[in-house]
Every structure is written in structure tokens, then in C-alpha cells.
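In what follows, a single structure is set out as C-alpha cells and then discussed.
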Amino acid sequence: MLLETAFTPISAIAGGALIGLSALVLMWSVGRVAGISGIVAGAMMERGDERHWRLIFLAGLFGGAFIASLVTGALDDVVSVASSPVLILAGLLVGVGARMGGGCTSGHGVCGISRFSQRSLVATIVFMASGAATVFVIRHLLGEGV
């Protein structure tokens, strides 16, 4: 069974370019790597200017996604197959895992690899392999209804 997606090469290229541009602007303006898990953790823990730029970055992250969804209508037909508590628990587990792993996919995959970090290359390979294994288990071993 083939599932329809909203994926298009143009949207993927545009999204990737915007992510790279935002990482570049953050590095240029405050000298920081755009790892979202570190930015979120710092927004909750830091004070003063450190907290200020992190909150602005997060506001731009959510605001940009909101504006993009309004303009493209990409989220109009999205229906979650999981309940809100499951989604919240999953998000918390991802956040804890990202902190334990020293960064998340954006930090390692986008910023770390572009800086030739071996640690980020290994982390990204593990992220991708874990994602592929998860899809295989859910689709082929447990069925698609999970």
C-alpha cells in the first residue's frame, strides 16, 4: 500500500535551504550552533541575553511553521493517529534522548556535519538507522495501524 504524502522536491529544497539559512544567521549573529534541544534547554535554564535570543529563535521556529502552514495549507489534512498524551510523552522522550545524546537531529545532522564533526556524523547515522528500523517494525512487523 502506497501512502500519499505532501512531499515535493521543491518544498524539501526550500525547507532545507531555510533551515541552513537560519543556522547560518544564528552562527553569524550570536556565534551559536542551531541545535534545537540545546536551545530549548537553554531557554528554560539560562537568564539574560542567553535566554533572550533562544526565545526569539524558538518564536521564529514556531511562527515560521505556522505561517508556512497557512500559506501552503500543508497541515489541513493532517490527522494524528496517536492521542495527545502519547504525543506529549513521545516529545518528552525525544527531548530527554536528545539531551542524553549531546544534541538532536538538527544540531548533529545540519550543523555538526557541516562542521565536519565525527561525533555528529556517527549520531546522524544512528538517528537515520533508528528511524529506518522503527518504520520497518511499525509497518512490517506490527502493521500500519499503530
Side-chain angles (χ1 to χ4, degrees), residues 1-46 50-69 71-72 74-75 77-146:
M1 176 181 193
L2 186 61
L3 299 175
E4 285 189 38
T5 68
F7 173 81
T8 68
I10 292 172
S11 65
I13 291 170
L18 288 172
I19 290 170
L21 180 63
S22 67
L24 184 64
V25 168
L26 184 65
M27 179 63 78
W28 174 73
S29 62
V30 294
R32 295 301 184 112
V33 173
I36 303 305
S37 61
I39 291 173
V40 170
M44 294 188 301
M45 310 281 279
E46 300 286 340
E50 276 297 310
R51 186 177 198 189
H52 187 241
W53 73 259
R54 293 168 192 268
L55 291 174
I56 291 171
F57 189 91
L58 292 172
L61 184 74
F62 286 105
F66 179 73
I67 291 168
S69 71
V71 171
T72 65
L75 298 179
D77 299 329
V78 172
V79 177
S80 176
V81 295
S83 65
S84 293
V86 169
L87 292 174
I88 291 170
L89 178 63
L92 289 173
L93 288 173
V94 168
V96 170
R99 294 303 296 163
M100 290 175 64
C104 59
T105 53
S106 62
H108 284 297
V110 175
C111 299
I113 288 179
S114 67
R115 294 182 301 129
F116 304 110
S117 165
Q118 291 181 343
R119 182 178 82 139
S120 292
L121 179 62
V122 171
T124 303
I125 290 170
V126 171
F127 294 151
M128 297 300 289
S130 300
T134 301
V135 169
F136 177 80
V137 168
I138 289 175
R139 289 209 173 161
H140 300 290
L141 301 180
L142 299 177
E144 292 182 28
V146 176

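All of these numbers come straight from a predicted model, not from anything done at the bench. Counting from 1, the numbers follow the sequence of the chain as shown.
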- Message: For Leu21, is the CG atom crowded, meaning more than 12 foreign heavy atoms sit under 6.0 Å from it?
- Response: yes
- Query: Just how far is it from atom CG of Leu142 to atom OG1 of Thr134, taken to the nearest 0.5 Å?
  - Reply: 10.5 Å
- Message: Tell me whether Arg51 contacts the main-chain N or O of Ala43 through its side chain, where contact means a donor paired with an acceptor under 3.5 Å.
- Response: yes
- Note on the structure: Rounding to 0.5 Å, atoms OG (Ser84) and CG (Leu89) come to a distance of 12.5 Å
- Kindly compute the distance separating CG (Leu24) from SG (Cys111), expressed to the nearest 0.5 Å. 9.5 Å
- Query: Between Arg54 and Met45, is a side chain to side chain contact (heavy atoms under 4.5 Å, CB included) present by the stated rule, with each step listed?
  - Reply: CA-CA 11 Å; Arg54 293 168 192 268; Met45 310 281 279; over 6 Å; no
- Is the backbone N or O of Gly95 less than 3.5 Å from a side-chain atom of Arg99, with the two atoms forming a donor-acceptor pair by type? no
- Please examine the side chains of Met27 and Val33, heavy atoms only from C-beta on, and report whether any two atoms are closer than 4.5 Å. yes
- Aromatic rings Trp53 and Phe57: how do their planes relate, parallel, tilted or perpendicular, breaks at 30° and 60°? perpendicular
- Message: As an exercise, state the distance from OG1 of Thr124 to CZ of Arg119, rounded to the nearest 0.5 Å.
- Response: 10.5 Å
- Ser120 to His108 - nearest heavy-atom pair and separation: OG-ND1, 2.9 Å
- Task: Run the numbers on Ile39 and Leu61 for side chain to side chain contact (heavy atoms under 4.5 Å, CB included), then give the verdict.
- Result: CA-CA 11 Å; Ile39 291 173; Leu61 184 74; over 6 Å; no
- Message: Which heavy atom of Ala98 sits nearest to which heavy atom of Cys104, and what is that distance?
- Response: CB-CB, 3.8 Å
